[in-house]
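Reviewing the structure listed below.
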Amino acid sequence: MAHLFLVKDIAFQAGLSIATVDRVLNGRPGVRRQTEMRVKAAIAELEKQQAGAMGGGRMLAIDIVMETPQRFSDAVRAAFEAEMATFLPGVFRCRFHFAEVMKPAELVQLLDRIRLRGTHGIVLKAPDVAEVAAAVARADAAGIPVVTLVTDLPNSARIAYAGADNRAAGETAAYLIGEFLGSDGGKVLVTLSSGRFRGEEEREIGFRRVIRARYPDIGITEISEGHGTDAATGTLAAAALAADPAINAVYSIGGGNRAVLAAFDAGKRPVRVFVAHDLDADNRALLAARRISFVLHHDLRTDARSAFRAIMSRATALSRAVTPSLSSVEIVTPYNMPAAD
């Protein structure tokens with residue numbers, strides 16, 4: 001397998017041991033096809049980063065760890081890759097660790113493995129649980145800065161949060177749905193991927209506060225633990241619709257929107273207004289087709305830039321720490337949808 005990189009660099013990028021990468025590169029037996037594909041992908045990623053790198057600045061290798069549906073991790077990967085070249089001569093190399101569902105113990109094991117292997121920083125989207133906060137503390141004690149992405153761990157040793165004001169986003173969703181339904185009222189199906197994520201909890205709190213204060217004729221039914229995947233979320237949505245004929249609107253905090261719409265279609269139920277989050281590929285298509293009404297979007301490239309700056313401020317020992325500002329939330333309709341990157 002032809003390449004121009006040190007074995008240790010390929011191993012770092014692939015998240016494999018040097019010995020495993022050496023076996024793959026030299027065509028030795030006993031290597032799984034999946035492992036070989038990971039090495040090939042790592043080499044391709046290094047080639048792409050090398051092609052975009054300019055100058056002789058310091059290379060900062062960071063790890064981006066996320067428990068999230070693939071449609072969102074794809075958008076995050078694109079945002080971070082697009083921002084990498086803007087930080088020359090300090091060049092970032094990103095290693096991505098994405099999973100749609102991860103047990104806390106698995107996430108902690110991954111964070112500890114990254115800490116022991118070495119990294120210049122970690123960007124983390126993870127549930128706000130004690131085990132994860134403890135792993136963040138171990139990374140910080142080892143001199144590794146951790147930046148939380150889109151959902152915060154405020155009681156941890158993370159150095160910064162990069163993302164939107166989630167409570168304000170939830171309040172905005174309540175305003176849109178409340179004004180749309182008006183005096184007719186109804187009931188909103190609120191979908192969360194999991195109650196373990198602080199960002200989703202803050203969106204729900206903001207949403208409930210405004211509905212309770214300004215639109216008391218509108219009820220709320222919540223579903224959770226579908227992890228943003230279509231199969232699990234669709235099953236939960238179908239059960240909620242079967243149990244409550246008053247549901248006529250959706251506030252999708254956690255995703256799985258195609259499956260939620262399919263549940264409404266299967267029950268021959270109308271959706272008067274549907275508010276979702278993030279302009280991923282699915283939501284772009286659904287918004288263009290008028291299947292959802294509004295998307296609350298914030299620029300992931302702004303979040304990536306904030307995370308890079310926070311990590312760079314620690315790596316270069318700036319006297320004043322960089323505190324990222326919250327990214328703004330934009331209400332997107334079919335008529336003002338920005339072009340895809």
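Because the structure is a prediction, the values reported are computed rather than measured.
In this model, a donor atom of one side chain and an acceptor atom of the other lie less than 3.5 Å apart for N257 and N283. With no hydrogens or angles considered, a side-chain donor-acceptor pair links S194 and E225 at under 3.5 Å.
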Donor-acceptor contacts, no H, no angles, side chain residues 60-67, under 3.5 Å, sequence neighbours left out:
unit_1, atom_1, unit_2, atom_2, d
D63, OD1, T119, OG1, 2.8
D63, OD2, R95, NE, 2.5
D63, OD2, R95, NH2, 2.6
D63, OD2, H97, NE2, 2.7
E67, OE1, R196, NH2, 3.3
E67, OE2, R196, NH2, 2.8

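Here side-chain hydrogen bond (donor to acceptor under 3.5 Å, both in side chains) pairs that include residues 104-116, with residues two or more places apart or in two chains, are D112-R115, D112-R138. Applying the ring-ring contact (aromatic ring centres under 6.0 Å, His included) test to pairs two or more places apart or on separate chains, those with a residue in residues 209-251 are F207-Y251, Y251-H277.
Take A75 and apply the side chain to side chain contact (heavy atoms under 4.5 Å, CB included) test, not counting sequence neighbours, and it matches L300. Applying the side chain to side chain donor-acceptor pair (under 3.5 Å) criterion to T20, with sequence neighbours excluded, gives S17, R23. Residues forming a side chain to side chain donor-acceptor pair (under 3.5 Å) with R28 (at least two apart in sequence, or on another chain): D22.
When ring centroids are compared, F92 and F80 stay outside the 6.0 Å threshold.
Pairing each heavy atom of V332 with each of P338, the nearest pair is CG1-CD, 4.1 Å.
Looking at R272 and D184, a side-chain N of the basic residue comes within less than 4.0 Å of a carboxylate O on the acidic one, giving a salt bridge. Contact check on E204 versus R208 returns a salt bridge, with a Lys/Arg side-chain nitrogen under 4.0 Å from an Asp/Glu carboxylate oxygen. By the 4.0 Å N-to-carboxylate-O rule, E36 lies too far from R32 to be salt-bridged with it.
There is a path of hydrophobic side-chain contacts, each under 4.5 Å, that joins L261 to I223.
Considering D299, D303, D165 in turn, D303 is the only one that fulfils the side chain to side chain donor-acceptor pair (under 3.5 Å) rule with S327.
Atom OH of Y175 is surrounded by 12 or fewer heavy atoms from other residues, nucleotides or ligands within 6.0 Å.
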